[in-house]
Q: 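Sharing a structure, written as structure tokens. Questions coming.
Just so you know, these numbers come straight off a predicted model, no measurement behind them. Just so it is clear: chains get the letters A, B, ... in the order the sequence lines come, proteins before strands, and each one is counted from 1.
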Number of protein chains: 4
Amino acid sequence: MALELFAEQGYDSTSLREIADRLGVTKAALYYHFRSKEEIVVATVEDFLADIDELVAWAEDQPRTTDTRHEVLRRYAEIVRVRFPSMRFFQQNPAGIHKSGLGEQFQQRMAALHGVLYDGGPPQSRIRALLAIVGMHMAAALSGDSGMPFGGGLGLSVEEANQAALDVAFDLVDRDSTEGAEGAERG
Amino acid sequence: MALELFAEQGYDSTSLREIADRLGVTKAALYYHFRSKEEIVVATVEDFLADIDELVAWAEDQPRTTDTRHEVLRRYAEIVRVRFPSMRFFQQNPAGIHKSGLGEQFQQRMAALHGVLYDGGPPQSRIRALLAIVGMHMAAALSGDSGMPFGGGLGLSVEEANQAALDVAFDLVDRDSTEGAEGAERG
Amino acid sequence: MALELFAEQGYDSTSLREIADRLGVTKAALYYHFRSKEEIVVATVEDFLADIDELVAWAEDQPRTTDTRHEVLRRYAEIVRVRFPSMRFFQQNPAGIHKSGLGEQFQQRMAALHGVLYDGGPPQSRIRALLAIVGMHMAAALSGDSGMPFGGGLGLSVEEANQAALDVAFDLVDRDSTEGAEGAERG
Amino acid sequence: MALELFAEQGYDSTSLREIADRLGVTKAALYYHFRSKEEIVVATVEDFLADIDELVAWAEDQPRTTDTRHEVLRRYAEIVRVRFPSMRFFQQNPAGIHKSGLGEQFQQRMAALHGVLYDGGPPQSRIRALLAIVGMHMAAALSGDSGMPFGGGLGLSVEEANQAALDVAFDLVDRDSTEGAEGAERG
DNA sequence: AATGAATGAGGATTCATTCAT
DNA sequence: CATGAATGAATCCTCATTCAT
């Protein structure tokens with residue numbers, strides 16, 4: 001609800017009046033339930049962080065196999081789909097985020113998720129795990145009027161984009177185990 | 001100069017007073033040179049767009065070979081390095097962008113760049129070209145305190161990160177021509 | 001309880017939420033017992049006014065002797081000690097006082113008290129009676145962190161300050177009867 | 001100008017709108033000249049503090065005689081007359097004062113002034129010096145609609161009140177040197 | 001007897017913008 | 001060329017107060 005506005009327009013550009021109007025309440029009513037604008041955004045974003053926490057916790061209990069990594073990506077794709085506004089908010093709001101350490105919280109989660117997908121190996125593998133994650137973000141952004149860069153789609157349907165992004169992500173995190181063509185990388 | 005502020009704090013959070021102060025002039029002096037806050041940001045971001053235009057124009061004159069694609073990525077990496085604040089501004093400022101069609105301009109460029117890197121083929125290839133570009137953004141963000149998600153680095157030096165990202169990007173745009181393992185993608 | 005807040009922070013700076021919190025009740029509960037913020041302050045200050053009324057009534061029944069005046073000052077010192085927050089509130093809250101004629105009520109009492117201490121005589125005597133009263137206020141303010149001007153003490157213990165102030169006050173109201181040095185005043 | 005409002009209604013009760021209105025400018029115009037409400041009050045009160053500083057500095061250069069003390073009181077009476085709103089503001093605004101150490105500044109000055117008038121001796125002498133100062137405040141308050149307690153006058157003309165207060169103050173600070181009746185004080 | 005929820009009015013403050021000089 | 005001064009509109013936020021339950 002409020003988060004959509006934050007995500008669309010940015011934290012600063014979204015006034016409490018707008019939020020209150022959209023929610024059909026008074027500005028002052030918001031302040032009965034939240035102590036500040038910051039608290040509002042924190043509240044609306046908490047679930048997203050919690051979802052990632054849960055996913056990471058689950059992953060850390062699994063064997064570090066290809067299948068686990070794939071399942072992590074699948075689940076993360078779902079999380080991003082459901083919590084799309086939250087994700088977008090984090091990706092696009094430097095100002096609204098540096099306050100109250102919300103940015104750091106997101107970076108922590110991203111690092112944890114990355115830790116689950118990256119098993120050691122050359123810098124290239126690190127980057128690949130990174131891009132696998134970002135790929136999930138892009139997939140979500142590709143469908144619908146996301147307002148994000150690359151948004152507006154490349155002419156793919158939602159399922160197509162999702163599946164294609166997953167395929168590419170799988171491939172990216174698989175490259176590490178499938179050593180062989182690895183020698184060509186530095187050249 | 002002014003752009004760094006926009007990139008660091010966001011368009012809305014950066015006041016003209018701050019910009020004027022950092023530039024050592026008066027607020028009113030800014031209005032002698034620019035007609036509005038919007039015009040300031042447009043002016044500071046123009047070079048970045050122009051650089052991409054030039055790159056795309058050059059690429060369209062080249063044969064569509066692997067080498068060309070690699071060179072495009074290399075040059076784009078350099079552009080992003082030099083114009084980092086501009087890039088960051090585009091990625092992180094929903095508000096400052098929706099005004100005056102600046103966002104659309106960036107999306108156009110990204111689409112053009114994508115067009116140069118993507119030669120047709122399955123949706124997966126589309127996504128790969130996308131991630132190759134995003135990879136260049138990440139590489140720039142990884143070095144230094146970028147404030148972007150995944151910023152703060154993964155323990156890589158600037159050159160390492162750059163080279164690794166290029167390697168991965170090369171690999172991503174090469175996957176299209178190097179048919180063979182392609183059959184595994186759907187599984 | 002509530003009055004201490006009013007005295008410490010001033011009428012306007014003390015919100016009903018603060019009062020309710022300190023009292024361990026709800027803001028709405030306050031409105032069950034009092035009809036307005038004003039009524040709260042009136043209620044908490046009434047005892048002080050009543051004490052003065054009683055003192056003045058007693059004094060008016062006594063013979064107008066030196067001893068009576070001394071006893072009035074002693075009793076007023078005690079009142080001020082016990083009702084210190086109320087006194088402080090009156091001295092320091094122009095805003096909270098102008099409403100509902102509370103200020104006038106205090107001025108009335110001060111005038112009555114003054115009337116009991118001042119027996120006629122030159123303007124100087126008037127002023128002396130005034131300062132005798134104010135001296136009692138200062139004595140109370142001198143002990144403890146009163147927040148009043150001259151508060152914080154002059155390095156005197158509570159008893160010292162009290163006794164010294166009383167001595168001086170006695171002396172001030174005695175000057176009237178003890179004619180003699182009076183001739184020096186105009187010089 | 002603005003200070004009169006602060007003194008009349010108290011710091012908190014005086015809104016910037018009121019000040020701006022009375023000054024015939026916009027609220028925003030105030031913010032061009034002052035950085036905050038606090039700065040406004042500081043600015044309007046500075047002269048008063050400076051006057052006291054000057055007086056104390058002068059006094060400390062003089063021999064510590066009766067005449068000097070009398071002249072100090074005379075000059076302080078004049079200062080209080082001229083800067084009456086400032087003085088009143090300090091005496092009546094606990095809240096507006098605790099911020100920005102303005103209260104402490106006033107207490108410092110009062111202590112310095114007291115130091116100039118008090119030459120050692122028993123606690124009673126301390127109190128007397130205090131009351132001499134306060135007497136000057138009362139004198140100013142007695143004339144005109146001061147709004148202070150004891151304001152509204154005791155039926156004295158301005159000059160009468162002033163002269164009477166001075167007489168009493170002289171007497172108070174003289175009591176120290178004129179030892180003799182001092183023995184009766186403790187009784 | 002008490003409260004959770006809501007609100008209208010107003011608070012200080014900031015901002016992009018204008019304009020006479 | 002440049003600036004000091006000013007402003008209208010909007011910001012977040014707080015408050016005293018009300019009312020259904």
Side-chain angles (χ1 to χ4, degrees), chain A residues 9-21 23-41 95-96 99, chain B residues 9-21 23-41 95-96 99, chain C residues 9-21 23-41 95-96 99, chain D residues 9-21 23-41 95-96 99:
Chain A
Q9 316 179 344
Y11 178 78
D12 286 300
S13 286
T14 305
S15 69
L16 290 188
R17 188 176 53 69
E18 273 176 297
I19 298 178
D21 283 359
L23 261 56
V25 293
T26 332
K27 247 189 310 174
L30 287 181
Y31 276 91
Y32 178 76
H33 295 285
F34 305 94
R35 253 195 305 270
S36 66
K37 190 182 182 183
E38 206 177 294
E39 212 183 272
I40 293 177
V41 78
K99 303 168 186 171
Chain B
Q9 316 177 344
Y11 179 78
D12 285 296
S13 290
T14 305
S15 69
L16 289 189
R17 187 171 55 68
E18 268 176 300
I19 298 177
D21 283 0
L23 259 56
V25 292
T26 342
K27 236 190 328 173
L30 288 181
Y31 274 88
Y32 181 78
H33 295 287
F34 306 94
R35 243 191 322 262
S36 68
K37 188 182 183 182
E38 207 176 293
E39 215 184 90
I40 293 177
V41 76
K99 309 173 180 174
Chain C
Q9 317 177 343
Y11 179 77
D12 284 297
S13 290
T14 305
S15 69
L16 289 190
R17 188 170 55 68
E18 268 177 298
I19 298 176
D21 283 1
L23 261 55
V25 292
T26 340
K27 236 190 327 171
L30 289 181
Y31 275 88
Y32 180 79
H33 295 286
F34 304 95
R35 243 191 322 263
S36 70
K37 188 182 184 184
E38 209 176 289
E39 214 182 89
I40 294 177
V41 76
K99 307 173 182 172
Chain D
Q9 316 178 344
Y11 179 78
D12 285 300
S13 286
T14 306
S15 71
L16 290 188
R17 186 176 53 69
E18 272 176 298
I19 298 179
D21 283 1
L23 260 56
V25 295
T26 334
K27 246 189 313 173
L30 287 181
Y31 275 91
Y32 178 76
H33 295 284
F34 305 93
R35 255 197 302 271
S36 65
K37 190 181 182 183
E38 203 176 297
E39 213 183 271
I40 294 177
V41 77
K99 303 168 185 171

Q: For R35(D) and for A29(C), find the nucleotide of DNA chain E with the closest heavy atom, then tell me which residue's nucleotide is more 5'.
A: A29(C)
Q: Send over the distance from Y32(A) OH to dA20(F) P, rounded to a whole Å.
A: 16 Å
Q: Ignoring hydrogens and angles, tell me if any N or O in the side chain of Y11(A) forms a donor-acceptor pair with the backbone of E38(A) under 3.5 Å.
A: yes
Q: Return whichever of S13(A) or Y11(C) has its heavy-atom-nearest nucleotide of DNA chain F closer to the 5' end.
A: S13(A)
Q: So, OP1 or OP2 of dT14(E): does either fall under 4.0 Å of a side-chain N or O from S15(B)?
A: no
Q: For the side chain of A28(C), starting at C-beta, report the closest nucleotide among dG10(E), dA2(F), dC19(F).
A: dC19(F)
Q: Relative to the 5' end of DNA chain E, which residue comes earlier, K27(C) or S36(D), by the nucleotide with the nearest heavy atom?
A: K27(C)
Q: Whole Å only: how far is the CG atom of L16(C) from the C1' atom of dT18(F)?
A: 13 Å
Q: Any chance you could measure L16(C), atom CG, to F34(C), atom CZ, to the nearest 0.5 Å?
A: 10.5 Å
Q: From CD1 of I19(C) over to P of dA16(F), roughly how many Å is that when rounded to an integer?
A: 8 Å
Q: Without swapping roles, check the side chain of E18(D) against the backbone of S15(D) for a donor-acceptor pair under 3.5 Å.
A: yes
Q: At less than 4.0 Å, is any side-chain N or O atom of H33(A) found next to OP1 or OP2 of dG4(E)? Yes or no.
A: no
Q: Choosing from dA6(E), dT13(E), dG8(F), which nucleotide comes nearest the side chain of K37(D)?
A: dT13(E)
Q: Is R17(D) near enough to dG10(E) that one of its side-chain N or O atoms lies under 4.0 angstrom from OP1 or OP2?
A: no
Q: Tell me whether the NZ or CZ atom of K37(D) lies within the 45° cone about the ring axis of Y31(D) and under 6.0 Å from its centre.
A: no
Q: What is the distance from CD of E18(D) to C1' of dA12(E), rounded to the nearest Å?
A: 14 Å
Q: Quick one: D21(C) CG to dG4(E) P, roughly how many Å, whole number?
A: 12 Å
Q: Go ahead and name the base partner of dT21(F); Watson-Crick or wobble counts if both distances stay under 3.5 Å, otherwise write none.
A: dA2(E)
Q: CD1 of I40(D) versus P of dA12(E): gap in Å, rounded?
A: 9 Å
Q: Looking at E39(D), is its backbone amide N or carbonyl O close enough to the side chain of S36(D) to form a donor-acceptor pair, meaning the two atoms are under 3.5 Å apart?
A: yes
Q: From C-beta outward on V25(A), which listed nucleotide comes closest to its side chain: dT7(E), dA16(F), dA16(E)?
A: dT7(E)
Q: Find the distance Y31(A):OH to dG11(E):C1' and express it as a whole number of Å.
A: 13 Å
Q: Taking atom P of dT14(E) as reference, at what distance in whole Å does atom CD of E39(D) sit?
A: 11 Å
